[in-house]
Amino acid sequence: WREEIAPGAVVLHGFVRDHGPELLAAVNGVVAQVPWRHMTTPGGFTMSVAMSWCGNGWNSDSNGYRYSQRDPGTGKSWPEIPAILLALADEAALQAGFGHYVPDSCLMNRYDPGSKLSLHQDIDEHDFTAPIVSVSLGLPAVFQFGGLQRSDRTQRIPLAHGDVVVWGGPSRLCFHGIMPVKEGYHSLVGSHRINITLRKAL
Ligand code: MD5
Ligand code: FE
């Protein structure tokens, strides 16, 4: 079912619950080319979340964060966004009321038990009028959803395998994070949570 948790933030519960195997195959195809990696934050910390990506890729180093069309190491373009992810993003955005959606970047996060994502805003994309479509697979997690100021109070939103959230409108720039993922086992994904985000980055 569809639940609007704040203006512009729409949870599509179970939206891709029946497509786990195809989605995981798409993730694994990308990960074969862009292996999971733990990025270093500009502050010098190693993230507990492992990342991969396709479309416009992601870089974080001492210079900060930015998106790039190519792998700065090899000069080659990052892999294309798999068709199943483009189709899912378009359907989810449409269903959430944002109209047709064509993302140019897809970031994937792998959380192992204990991994977390501290409160932050996604502000490195060029077009804040476009929503971000986020897909949860595997172990459940508790999402922290705040306001436009870091100090604003946060709601805790449980996210399960197959849930899709569309973050647009006034919620696009809200602070958010993921609480440490609890130990567990998912029959398809194993001891991980995987989150896929589709974005308009460049
Ligand atoms: C996750 N990933 O579950 C989340 C899902 C990230 C990240 O936060 O940056 O990789 S995306 C959640 C999101 C995106 C944009 C806006 C808001 C939430 N929001 O306003 O709460 O791994
Ligand atoms: Fe984020």
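Fair warning: this is a prediction, and the values are worked out from it, not measured in the lab.
The shortest heavy-atom contact between I84 and A26 is CG2-CB, 3.7 Å. A pairwise comparison of heavy atoms in P82 and V30 identifies CG-CG2, 3.9 Å as the closest pair. Listed here is the closest heavy atom pair of G64 and P42: CA-CG, 3.7 Å. Of all non-hydrogen atoms in L24 and L137, the two that sit nearest each other are CD2-CD1, 4.5 Å. In terms of heavy-atom proximity, V166 sits nearest to P131 at CG1-CB, 3.8 Å. Listed here is the closest heavy atom pair of S187 and Y185: CA-CE2, 3.9 Å.
Between the side chain of R156 and the backbone N or O of T154, no donor-acceptor pair lies under 3.5 Å. The closest donor-acceptor contact from the side chain of N56 to the backbone of D104 lies under 3.5 Å. Looking only at distances, a side-chain donor or acceptor of D163 sits under 3.5 Å from a matching main-chain atom of G14. Panel note: side chain R199, backbone L107; no donor-acceptor pair is recorded below 3.5 Å. Put simply, the side chain of W58 never gets that close to the backbone of Y65: no donor and acceptor are under 3.5 Å apart. D90 places no side-chain N or O within 3.5 Å of a backbone atom of L86 that could act as its donor or acceptor partner.
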* Asked: After noting the C-alpha distance and the side-chain angles of K182 and L139, does the key distance pass the side chain to side chain contact (heavy atoms under 4.5 Å, CB included) rule?
  -> CA-CA 8 Å; K182 289 212 173 95; L139 293 179; over 6 Å; no
* V34 and W53: side chain to side chain contact (heavy atoms under 4.5 Å, CB included), yes or no, with the steps? -> CA-CA 7 Å; V34 182; W53 48 71; 3.9 Å; yes
* **Audit row: L117, M47, side chain to side chain contact (heavy atoms under 4.5 Å, CB included) steps and yes/no** => CA-CA 8 Å; L117 192 58; M47 293 175 67; 3.7 Å; yes
* Would L23 and L88 satisfy side chain to side chain contact (heavy atoms under 4.5 Å, CB included), going step by step from the backbone distance to the final call? -> CA-CA 10 Å; L23 291 169; L88 175 172; 3.6 Å; yes
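Between I178 and K116 there is no side-chain heavy-atom pair separated by less than 4.5 Å. Using a 4.5 Å heavy-atom threshold, the side chains of L202 and S105 count as separate. Residues E125 and K200 are not in side-chain contact: their nearest non-hydrogen atoms beyond the backbone lie 4.5 Å or more apart. Looking at W78 and Q33, their side chains never come closer than 4.5 Å, going by heavy atoms from C-beta outward. Two residues are said to be in side-chain contact when any heavy atoms from C-beta on lie closer than 4.5 Å; D124 and R66 fail this criterion. The side-chain heavy atoms of L148 and L173, taken from C-beta on, include a pair separated by under 4.5 Å. Considering only heavy atoms from C-beta on, F145 comes within 4.5 Å of W167 through its side chain. Looking at heavy atoms from C-beta onward, F15 lies in side-chain contact with E91 at the 4.5 angstrom threshold.
For the atom pair Q149 CD and Q121 CD, the distance stands at 9.0 Å (nearest 0.5 Å). To the nearest 0.5 Å, atom CE of residue M179 and atom OG of residue S118 are 11.0 Å apart. The distance from atom SG of C54 to atom CD1 of I81, rounded to the nearest 0.5 Å, is 5.5 Å. One finds the CZ atom of R150 at 11.0 Å from the CG atom of D152 (value rounded to the nearest 0.5 Å). For the atom pair OG of S134 and CG of N195, the computed distance is 4.0 Å after rounding to the nearest 0.5 Å. Rounding to the nearest 0.5 angstrom, the gap separating the CD1 atom in I123 from the CZ atom in F175 is 7.5 Å.
By the 6.0 Å and 45° rule, R193 stacks over the aromatic ring of Y111.
Screening E3, Q95, R2 against V10 for a side chain to side chain contact (heavy atoms under 4.5 Å, CB included) leaves a single residue, R2. No option in Q144, H120, Q155 other than H120 meets the side-chain hydrogen bond (donor to acceptor under 3.5 Å, both in side chains) test with H176.
With hydrophobic clusters built from ILVMFWY side chains whose heavy atoms lie under 4.5 angstrom apart, F98 shares a cluster with L85.
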